[in-house]
Amino acid sequence: MIRRVLTKFRALFDRYLAARGLRLVPTGLAYIDANKTVAEASSRGLSVCELLESRESDIRKIGRRDRIIRQMKLANAFSGVNNILEIGSGTGMYLDSAVKECSPSRYEVYETNPGWCGFLKNHTKSLRAKVVIHAADGYSLKDTPSESIDLAHAHGVFVYTSVLTSVQYMHELGRVTRPGGIIVFDCYLDGSFRLEVADAWLATNWRFPVVFPEALLIDICNRHSLDERIRFEELHGAGTVNYLVLQKRHRL
């Protein structure tokens, strides 16, 4: 009875919002339901990462996380790392790999989705690293002191956040990373997002890609004394995404 009343109320409220050009969006812009995903992975005896890979229609995407981690290793992103920060940890797949690579003493998480925050709290209890899950606001790293992070990374975040939100986050990454520290993230740069790429996306149901101007990225790097160590592409969605590994310069 209560469920029927709540369902009816939700339907009425949705129509009220729709009449005003509004709609409810889950916190964190989540497109993967945490509870359902974790439950399915558990029932099939798989890790969350294994489950998500099993859903891929393009077999080339299988092993994608491991390829990205290998590229980070090539850039010495895990060398001498004690404090790590990740934006949008979500399923924890990159958290797991990073902890295995360098055994950090502290791992800070900024995740806006409550469901995945709950998963991460339980998932990380057995890790040796101290995992701190901050109350994320979706645009800042406000609980992290300046120049305290050895490795800051984000995967599948700046591909859908607005340009201004991404710029805000990048300013924050420049602030919290110590001199000599590493920043890793992926985004769609305007130089490689050509018409044929856009057409490939239009042939799917996905409409989330946000294209980031490379000239703006260069300005951000100059402001925060960031040098590009390596750049590579990796399969993502209907095409490929640009990955950047940046290093903050030491002061003279």
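Fair warning: this is a prediction, and the values are worked out from it, not measured in the lab.
- To the nearest 0.5 angstrom, L151 atom CG is 5.0 Å from I84 atom CD1.
- A 6.0 Å sphere centred on NZ of K130 holds no more than 12 heavy atoms belonging to other residues, nucleotides or ligands.
- Exactly one of Q71, M72, H155 qualifies for a side-chain contact (heavy atoms from CB on, under 4.5 Å) with Y243. That residue is H155.
- A donor-acceptor contact closer than 3.5 angstrom links the side chains of Y107 and E86.
- What you find for S148 and N83 is that their closest heavy atoms are O-ND2, 3.2 Å.
- The SG atom of C221 sits 9.0 Å away from the CZ atom of R249 when rounded to the nearest 0.5 Å.
- Between D186 and G156, the shortest heavy-atom contact is OD1-N, 2.9 Å.
- Here the straight-line distance linking atom CD1 of I62 with atom CG of L52 works out to 12.0 Å at 0.5 Å rounding.
- K100 NZ to L127 CG: the interatomic distance, rounded to the nearest 0.5 Å, is 9.5 Å.
- Between A34 and G115 the shortest heavy-atom distance is CB-C, 3.5 Å.
- Classification of the F208-Y188 ring pair by plane angle, with boundaries at 30° and 60°, yields tilted.
- For E40 and K36, the salt-bridge test fails: no basic side-chain N is under 4.0 Å from an acidic carboxylate O.
- For residues 175-184, the set of pairs meeting the salt bridge (charged side-chain N to carboxylate O under 4.0 Å, His left out) definition, not counting sequence neighbours, comprises D150-R178, E172-R175.
- Once rounded to the nearest 0.5 Å, the distance linking NZ of K121 with OG1 of T124 reads 9.5 Å.
- In this structure, V159 is not a member of the same hydrophobic cluster as Y139, with clusters built from ILVMFWY side-chain heavy atoms closer than 4.5 Å.
- Other members of the hydrophobic cluster containing I183, listed by chain and number, are L85, I87, Y110, L141, I149, V157, F158, V163, V167, Y169, M170, L173, V176, F185, L189, V210, F212, L216, L217, I220, L226, L244, L246; membership follows side-chain contacts under 4.5 Å among ILVMFWY residues, whether direct or relayed.
- Note that CG of D227 and OG of S225 are 8.0 Å apart. Values are rounded to the nearest 0.5 Å.
- Across A152 and T177, no two heavy atoms sit closer than the pair CB-OG1, 4.0 Å.
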Please assess R64 against H236 for the test side-chain contact (heavy atoms from CB on, under 4.5 Å), listing each intermediate value before the final yes or no.
CA-CA 9 Å; R64 181 178 182 277; H236 189 264; 3.3 Å; yes
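- Among residues at least two apart or in separate chains, salt bridge (charged side-chain N to carboxylate O under 4.0 Å, His left out) pairs with a member in residues 67-78 are R67-E234, K73-E101.
- Using a cutoff of 4.0 Å between basic side-chain nitrogens and carboxylate oxygens, E56 and R65 are not scored as salt-bridged.
- Between the side chains of E111 and S89, no donor-acceptor pair is found at a separation under 3.5 Å.
- No side-chain donor-acceptor contact under 3.5 Å links N76 to the backbone of S79.
- A donor-acceptor pair shorter than 3.5 Å cannot be found between the side chains of S97 and D66.
- Under the 3.5 Å distance criterion, the side-chain polar atoms of R229 are matched with a main-chain donor or acceptor of A75.
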One pair to check against side-chain contact (heavy atoms from CB on, under 4.5 Å): V109 and V131. What are the steps and the verdict?
CA-CA 7 Å; V109 168; V131 178; 4.1 Å; yes
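- Salt-bridge check for R106 with E108: passed, with a basic side-chain N closer than 4.0 Å to an acidic carboxylate O.
- Taking all atoms of both residues into account, the shortest heavy-atom contact from T91 to F119 is O-CE2, 3.1 Å.
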